[in-house]
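The next block holds one structure in the form of structure tokens; read it before the comments.
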Amino acid sequence: MSRDSELGIRTRAVRTGTTRSHEGEHSESIFATSSFVCDSAAQAAARFSGEEPGNLYSRFTNPSVRMFEERLASMEGGECCVGTSSGMAAINAVMMGLLKAGDHVVCSRNVFGSTILLFKNIMARFGVEASFVSLTDTQAWENAITSNTRLLFLETPGNPLTEVADLAALADIAHKHDALLVVDNCFCTPVLQRPLELGADIVVHSATKYIDGQGRGLGGAVVGSKKLVGGDIYSYCRTTGPTMSPFNAWIFLHGLETLSVRMRGHCENAMAVARWLYEHPAVVKVNYPGLETHPQHALAKKQQLDFGGIVSFEVKGGQDDAWTVIDNTQFISITANLGDVKSTITHPATTTHGRLTEEDRELAGITRSLVRVSVGLEDVDDIKADLDRGLSKLV
Ligand SMILES: *Cc1c(COP(=O)(O)O)cnc(C)c1O
């Protein structure tokens with residue numbers, strides 16, 4: 001079945017991209033092969049020259065990876081998708097595929113830590129400069145643009161404070177200055193937010209998170225136009241090899257099938273946990289876009305279908321008190337990973353954001369009393385009870 005925009009996203013999540021072999025398998029297969037054979041020397045020559053389509057080598061194309069790519073592209077509303085070995089490989093492929101020495105990038109200050117390091121420690125060595133701005137300050141984005149700005153990069157909602165950026169406004173600003181808007185859509189997935197429909201040019205994913213959803217494999221993807229993603233970004237990947245493995249593609253392909261129901265479950269549980277935390281006497285602040293008190297609640301309601309599975313909160317007191325909450329949980333996993341069916345809990349100031357200076361952390365609003373929870377699919381009353389084991393000690 002080919003891409004079909006008349007079908008709903010849940011149908012496409014289950015049906016789009018499927019290629020059935022002559023064996024008639026119902027469930028999509030893992031094509032565990034590094035290379036592919038041709039019928040003749042002439043056919044091999046035609047495939048290598050690009051005259052005839054067809055698989056040659058799994059660094060270039062692989063049927064399992066292609067099924068995943070077609071399915072995700074359809075769900076995001078993009079023409080083209082390239083699967084990669086991790087989320088960071090996807091972000092790196094966008095930068096290396098599209099930028100050259102002398103170019104400039106504007107990036108939100110609160111993006112994934114390794115993304116900041118990619119700009120500061122690696123891209124800088126190749127002559128690409130980056131400026132960092134507040135995710136929600138639209139004017140600051142425009143002010144940071146120079147004549148060399150090639151792209152704007154952000155995540156929304158932000159991690160761990162769940163601030164929400166105005167995607168349509170930032171797409172307009174980018175395009176007014178001949179730049180591209182690139183959105184890391186990891187937190188929402190295409191089920192909750194489709195940046196390309198709001199004007200973004202490229203979407204990147206860490207498939208490691210909600211797309212897998214059960215913490216089994218690392219992967220990533222870039223989605224966008226045939227020209228950008230099918231052109232320079234694909235060429236970069238084909239040449240340098242940050243390729244998605246067929247086995248992981250098979251995990252993610254089947255992950256997409258259940259993504260809608262899982263995201264609904266994450267959102268429902270996260271909303272209930274956020275409301276409960278809001279009333280808790282040991283909690284001084286809750287960050288969740290679904291709460292009416294969230295500064296961008298109205299924007300999140302407009303641009304997202306629902307509010308996602310990530311909740312963060314500040315406890316009364318400081319780091320010791322935040323650690324008390326974490327250490328008293330019985331089943332919530334203490335890990336910085338997120339997007340899993342299993343709830344996870346982390347202390348951003350000493351883990352995900354531990355490499356920032358105290359001053360940068362203050363600027364970003366990541367206090368020592370802040371705890372982040374990726375709300376999973378366990379019974380919500382059990383999740384609340386597990387968080388309350390430590391919280392009740394603080395009142
Ligand atoms: C985890 C993550 C990444 C990096 O993905 P990997 O698969 O770990 O390389 C990028 N962006 C966001 C928002 C993430 O949460």
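Hydrogens, waters and symmetry mates are skipped; everything else that's a heavy atom, side chains included, is used. Order of appearance sets the numbers: ligands from 1, and atoms from 1 within every ligand.
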Item to check | Cation-pi geometry met for Lys342 and Phe331 (6.0 Å, 45°) | outcome: no

Item to check | Contact atoms of ligand 1, heavy-atom distance to Gly219 under 4.0 Å | outcome: 7 (O)

Checklist outcome for this item: The closest protein heavy-atom partner of atom 7 (O) of ligand 1 is Thr208 OG1, 2.6 Å

Checklist entry - Can you tell me which residue and heavy atom of the protein come closest to atom 6 (P) of ligand 1, and the distance to 0.1 Å? => result Gly87 N, 3.3 Å

Checklist entry - What about Phe187: any of its N or O atoms under 3.5 Å from an N or O on ligand 1? => result no

Item to check | Other residues, nucleotides, ligands: >12 heavy atoms within 6.0 Å of Arg10 CZ | outcome: no

Checklist entry - With a cut-off of under 6.0 Å to the ring centre and 45° to the axis, is Lys227 in cation-pi contact with Tyr234? => result no

Item to check | Asn337 side chain to Thr344 side chain, donor-acceptor N/O pair below 3.5 angstrom | outcome: no

Checklist outcome for this item: Out of Met88, His205, Glu155, Lys209, the nearest non-hydrogen contact to atom 1 (C) of ligand 1 is supplied by Lys209

Checklist entry - Are any of the N/O atoms in Ser206 less than 3.5 Å from those in ligand 1? => result yes

Checklist outcome for this item: In this structure, atom 4 (C) of ligand 1 is nearest to the protein heavy atom Phe112 CE2, 3.4 Å

Item to check | Taking every non-hydrogen atom, the tightest pair across Ala89 and Ser85 | outcome: CB-OG, 3.5 Å

Item to check | atom 10 (C) of ligand 1 [closest protein heavy-atom partner, distance rounded to 0.1 Å] | outcome: Asp184 OD2, 3.5 Å

Checklist entry - Is the closest basic N to carboxylate O distance between Arg361 and Glu358 below 4.0 Å? => result yes

